[in-house]
*Asks:* 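Sending over a structure as structure tokens; questions will come in a sec.
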4 protein chains.
Amino acid sequence: MSVTKAPRVEQRSDTRMHALLEAALEVFAERGYRTARLDDVAEAAGVTKGAIYHYFDTKEALLLGVVEHYQALAFDRAEEALRDSRMPATARIRLLMRKVFANGDPESGQRLLTLLIGGLAHEVPVVHARWLQDGPARLWKMIGRLVEEGKKRGEFRPDADGEVGARLLVSGLMLQRMWQQHADDVPGLAVDHDRLIDSSVELFLASLRAPSGTRSSAT
Amino acid sequence: MSVTKAPRVEQRSDTRMHALLEAALEVFAERGYRTARLDDVAEAAGVTKGAIYHYFDTKEALLLGVVEHYQALAFDRAEEALRDSRMPATARIRLLMRKVFANGDPESGQRLLTLLIGGLAHEVPVVHARWLQDGPARLWKMIGRLVEEGKKRGEFRPDADGEVGARLLVSGLMLQRMWQQHADDVPGLAVDHDRLIDSSVELFLASLRAPSGTRSSAT
Amino acid sequence: MSVTKAPRVEQRSDTRMHALLEAALEVFAERGYRTARLDDVAEAAGVTKGAIYHYFDTKEALLLGVVEHYQALAFDRAEEALRDSRMPATARIRLLMRKVFANGDPESGQRLLTLLIGGLAHEVPVVHARWLQDGPARLWKMIGRLVEEGKKRGEFRPDADGEVGARLLVSGLMLQRMWQQHADDVPGLAVDHDRLIDSSVELFLASLRAPSGTRSSAT
Amino acid sequence: MSVTKAPRVEQRSDTRMHALLEAALEVFAERGYRTARLDDVAEAAGVTKGAIYHYFDTKEALLLGVVEHYQALAFDRAEEALRDSRMPATARIRLLMRKVFANGDPESGQRLLTLLIGGLAHEVPVVHARWLQDGPARLWKMIGRLVEEGKKRGEFRPDADGEVGARLLVSGLMLQRMWQQHADDVPGLAVDHDRLIDSSVELFLASLRAPSGTRSSAT
DNA sequence: CATGAATGAGGTTTCATTCAT
DNA sequence: GATGAATGAAACCTCATTCAT
């Protein structure tokens with residue numbers, strides 16, 4: 001009997017946990033971490049404030065939970081993209097960026113970024129630093145490695161500063177995406193989401209590409 | 001006591017005002033707008049909390065003062081860069097980006113960005129939206145116009161998405177600069193400041209450049 | 001599961017009850033009644049919080065249970081001491097105090113006192129008043145009666161204020177015992193437990209004793 | 001002008017401070033430290049809750065302020081009693097106990113004891129330990145020294161355990177006094193205040209006194 | 001009987017803003 | 001103009017108590 005009891009509890013716990021993470025992302029991104037009240041999170045999750053404390057010791061722990069959860073999701077997609085193929089670096093970079101930035105739910109992606117890039121640096125420096133290292137920095141290092149591969153294969157010119165390029169691509173897309181959340185308030189801010197990603201990636205690739213005619217010299 | 005007060009009210013006011021703006025930038029950027037206490041600003045400016053209310057009606061008004069002051073400074077430099085020359089678009093873009101991002105006091109530039117990109121979106125949406133429009137968006141539109149010019153002159157290939165490129169350049173550099181403030185806590189985050197700007201600009205220009213061999217091969 | 005439950009409900013109930021009382025004394029004395037959490041009591045008793053409510057309606061009821069249980073224990077010993085003998089008052093007082101204060105488990109005695117003398121007065125006035133009446137006051141009245149007996153037999157001088165003396169003896173010993181729990185933190189606080197009791201009783205008796213040689217002269 | 005400003009501020013500050021200390025003693029003793037709400041203290045002092053934080057960083061700091069303030073007052077009286085005289089030890093002990101326990105405001109004395117003996121041990125161990133050391137323990141050591149003097153002069157018998165006696169006297173009186181606050185709820189608890197002190201001291205002295213007629217014969 | 005998730009009232013602490021001096 | 005004491009509205013967190021399973 002105790003065999004069947006445990007799973008049920010886990011099941012329920014997991015469901016609630018998940019609901020809390022979603023609600024927290026929503027509210028934190030909407031209001032900002034500091035500004036957001038736990039009451040709001042609770043309400044969004046359909047529970048009362050106190051219930052949150054069954055799952056997270058502290059407001060900050062809840063935030064950390066959110067960050068880790070969604071970061072893991074994003075990198076699962078990212079690594080899947082890289083594992084799948086033995087395509088040219090160019091194609092793999094395109095795929096990687098699509099997987100990371102153009103996921104099914106653009107809303108939640110924007111939200112997370114708004115939350116993470118914004119205020120967190122001051123409000124919860126530890127969480128912020130951790131995210132910076134395990135998120136953006138990790139991503140541009142992935143791209144950096146693909147660029148190196150591409151250079152070896154002669155796809156890219158050997159003198160391009162791929163590291164900085166990768167940083168620019170990642171940071172630029174992130175900030176643009178975050179700002180899209182304010183598209184309504186700032187005239188001229190909105191861009192089509194797919195155009196943003198595609199053009200950015202193509203420009204990035206173009207900036208690295210070996211000038212035509214010099215294909216196989218280099219390295 | 002009233003004898004000495006009258007003569008240089010304006011003078012003293014301006015000095016105090018300036019001291020307050022500097023102190024506010026410092027404290028807001030250090031602690032974040034919400035987290036920062038007016039007591040701290042007052043202390044940094046060498047006055048008492050109540051005195052702030054002689055110059056600014058509200059904490060938010062103080063913030064707005066800071067944003068406008070430093071934004072004006074940045075765009076004075078920017079427009080000076082554009083007005084000065086009739087050089088090729090390539091060169092003008094280089095100059096513009098240098099003026100905006102590589103100003104004499106990298107500290108204060110970083111600080112301002114940290115403040116503005118960060119939490120402000122949630123905490124003071126009005127100020128944030130205003131800055132977004134008058135700052136970053138204005139800058140990438142400037143660049144966008146230069147790109148159009150360059151296309152007309154044959155410096156750039158006509159099919160490049162200059163608008164998105166300009167956005168990426170501006171956003172990417174801003175976010176990278178902001179993150180540099182956390183270089184100590186996140187291993188592998190630091191980049192040389194000049195390399196960041198130079199490489200970014202060169203890659204941006206490279207991505208727009210007409211493919212070698214075609215066109216007239218001019219710089 | 002329901003197969004094993006029925007047979008020894010009573011048995012188990014009593015055991016659980018007892019475990020709860022012990023655990024509650026331990027936790028209440030350690031942390032204080034208010035500060036102590038029912039979770040802690042439950043954990044110390046090896047059950048879950050909810051289970052407590054099968055035995056006690058309320059936290060306060062649990063406390064009352066503890067007080068009555070241990071108070072009864074103490075007075076069982078006390079009355080046994082008095083019933084046993086027809087000795088001189090002096091000897092009976094010695095015996096009484098030993099039974100009450102020098103019981104087998106000095107730990108639990110201290111704990112109880114710590115709990116009862118401490119904060120209870122404010123936190124649970126009803127329980128406190130009840131304990132005061134049925135515990136200390138009852139004890140010093142017992143002693144008072146023994147003193148009266150002693151006076152009649154000429155063991156004690158008739159003008160001694162036995163009532164106040166008994167109060168002083170009881171209160172003094174209780175508070176000293178309670179404070180011994182902090183012997184580690186306060187230098188110079190510790191005293192040997194037996195010396196405390198013996199010396200106190202002897203001094204009390206000496207203070208009552210008829211002056212030598214002046215047996216019948218009074219005042 | 002600044003000459004006259006400072007004193008006035010100090011003056012006001014001191015007055016408020018004092019009002020807060022009095023109010024805090026009142027409320028803490030009435031409700032217990034934990035149970036007491038800062039709102040109540042504020043109300044009793046005629047200010048709002050927030051104002052307390054101008055004078056004390058924390059609820060605990062306020063408590064510490066109260067303890068130190070009233071402890072200092074009590075020991076000022078005590079030391080004055082000892083300094084004044086070259087009387088026999090017997091007389092000095094009587095005077096000391098009177099000064100400490102029978103001060104002009106029996107209410108506030110009781111209150112303080114109620115606060116200090118009660119719950120503090122669990123709730124604010126640091127403050128409690130400090131008080132124990134600087135208050136009761138210090139007092140019974142004072143008495144202990146007087147007893148030693150009295151032994152040298154032949155006032156007291158040399159074999160009496162003065163140390164334990166002093167402890168008993170101090171603890172007993174304190175606890176009795178504290179309990180007097182509940183005299184209304186517990187029948188038979190009340191004693192006349194002066195009788196309590198006088199009889200206690202006389203019994204204490206009697207217990208130490210050399211048996212009549214055996215002045216120099218020792219043990 | 002036992003569990004443990006959920007509730008919700010309550011209290012300390014912070015800080016922008018006001019105002020008498 | 002400047003001061004700084006006072007206000008009072010939030011917001012996080014705790015925990016006794018309930019109840020469906």
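To find a chain, count down the sequence lines: A is the first, B the second, and so on, and within it residues start at 1. Any value given below was found using the heavy atoms of this structure, including those in side chains, with hydrogens, waters and symmetry copies removed. Computed from a predicted model, the values in this text were never measured in an experiment.
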*Asks:* Should D:Glu68 and D:Arg130 count as an ion pair when the cut-off is N to O under 4.0 Å?
*Replies:* yes
*Asks:* Can you see if the side chain of C:Tyr55 gets near the phosphate of E:dA2 - specifically, an N or O under 4.0 Å from OP1 or OP2?
*Replies:* yes
*Asks:* Strictly below 4.0 Å, heavy-atom distances to any atom of DNA chain E: list the hits from residues 56-64 of chain D, or just say none.
*Replies:* D:Thr58, D:Lys59
*Asks:* Return the minimal non-hydrogen interatomic distance between B:Val27 and B:Ala36, and the atom names on each side.
*Replies:* CG1-CB, 3.7 Å
*Asks:* At under 4.0 Å between heavy atoms, what does A:Ala42 touch on the DNA or RNA strands: base, sugar-phosphate, or nothing?
*Replies:* nothing
*Asks:* Locate the shortest heavy-atom distance separating D:Ile117 from C:Met178; write the atom from each residue and the value.
*Replies:* O-CE, 3.6 Å
*Asks:* Where each residue is assigned the nucleotide of DNA chain F containing its nearest heavy atom, which of C:Tyr33 and A:Thr35 is assigned the position nearer the 5′ end?
*Replies:* A:Thr35
*Asks:* Would you mind classifying the nucleic acid contact of B:Ala36 as base, sugar-phosphate or nothing, using non-hydrogen atoms under 4.0 angstrom?
*Replies:* sugar-phosphate
*Asks:* From the set E:dA9, F:dA6, F:dT3, return the single nucleotide nearest to any side-chain atom of B:Ala51.
*Replies:* F:dT3
*Asks:* Looking at every non-hydrogen atom in both residues, tell me the closest pair between A:Leu116 and A:His128 and how far apart they are.
*Replies:* O-CD2, 3.5 Å
*Asks:* Please, what dot-bracket string fits DNA chain E when only Watson-Crick and G-U pairs with both distances under 3.5 Å count, crossing ones use [ ] and pairs to another strand use |?
*Replies:* .||||||||||||||||||||
*Asks:* Can you name the closest pair of heavy atoms from D:Val41 and D:Leu20 and give their distance?
*Replies:* CG1-O, 4.5 Å
*Asks:* Report the nucleotide, chosen from E:dT17, F:dT17, F:dC13, that has the shortest atom-to-atom distance to any side-chain atom of B:Lys49.
*Replies:* E:dT17
*Asks:* For the pair made of CE in D:Met17 and C1' in F:dA6, what is the distance, rounded to whole Å?
*Replies:* 16 Å
*Asks:* Is there a side-chain contact between A:Arg31 and A:Arg37 in this structure, where contact means two heavy atoms from C-beta onward sitting under 4.5 Å apart?
*Replies:* yes
*Asks:* Answer yes or no: side-chain N or O of D:His54 and base N or O of F:dA5 forming a donor-acceptor pair under 3.5 Å.
*Replies:* no
*Asks:* Round to the nearest Å and state the distance from D:Asp39 atom CG to F:dG8 atom C1'.
*Replies:* 10 Å
*Asks:* side-chain contact (heavy atoms from CB on, under 4.5 Å) with C:Phe56: which of C:Leu64, C:Leu21, C:Leu63?
*Replies:* C:Leu21
*Asks:* Compare the minimum distances between each of E:dT12, F:dC12, F:dA16 and the side chain of C:Arg37, then state the nucleotide with the smallest one.
*Replies:* F:dA16
*Asks:* By nearest nucleotide on DNA chain F, pick out whichever of B:Val47 and C:Leu38 is the more 5' one.
*Replies:* B:Val47
*Asks:* Determine yes or no for a side-chain-to-main-chain donor-acceptor pair under 3.5 angstrom, with A:Tyr33 supplying the side chain and A:Glu60 the backbone.
*Replies:* yes
*Asks:* When you measure from the centre of the six-membered ring of C:Tyr53, is the NZ or CZ of C:Lys59 under 6.0 Å away and within 45° of the axis?
*Replies:* no
*Asks:* Indicate whether OP1 or OP2 belonging to F:dT14 is found under 4.0 Å from a side-chain N or O atom of C:Arg34.
*Replies:* no
*Asks:* Rounded to whole Å, please give me the gap between OH in D:Tyr53 and C1' in F:dA9.
*Replies:* 15 Å
*Asks:* Return whichever of C:Gly50 or A:Thr48 has its heavy-atom-nearest nucleotide of DNA chain E closer to the 5' end.
*Replies:* C:Gly50
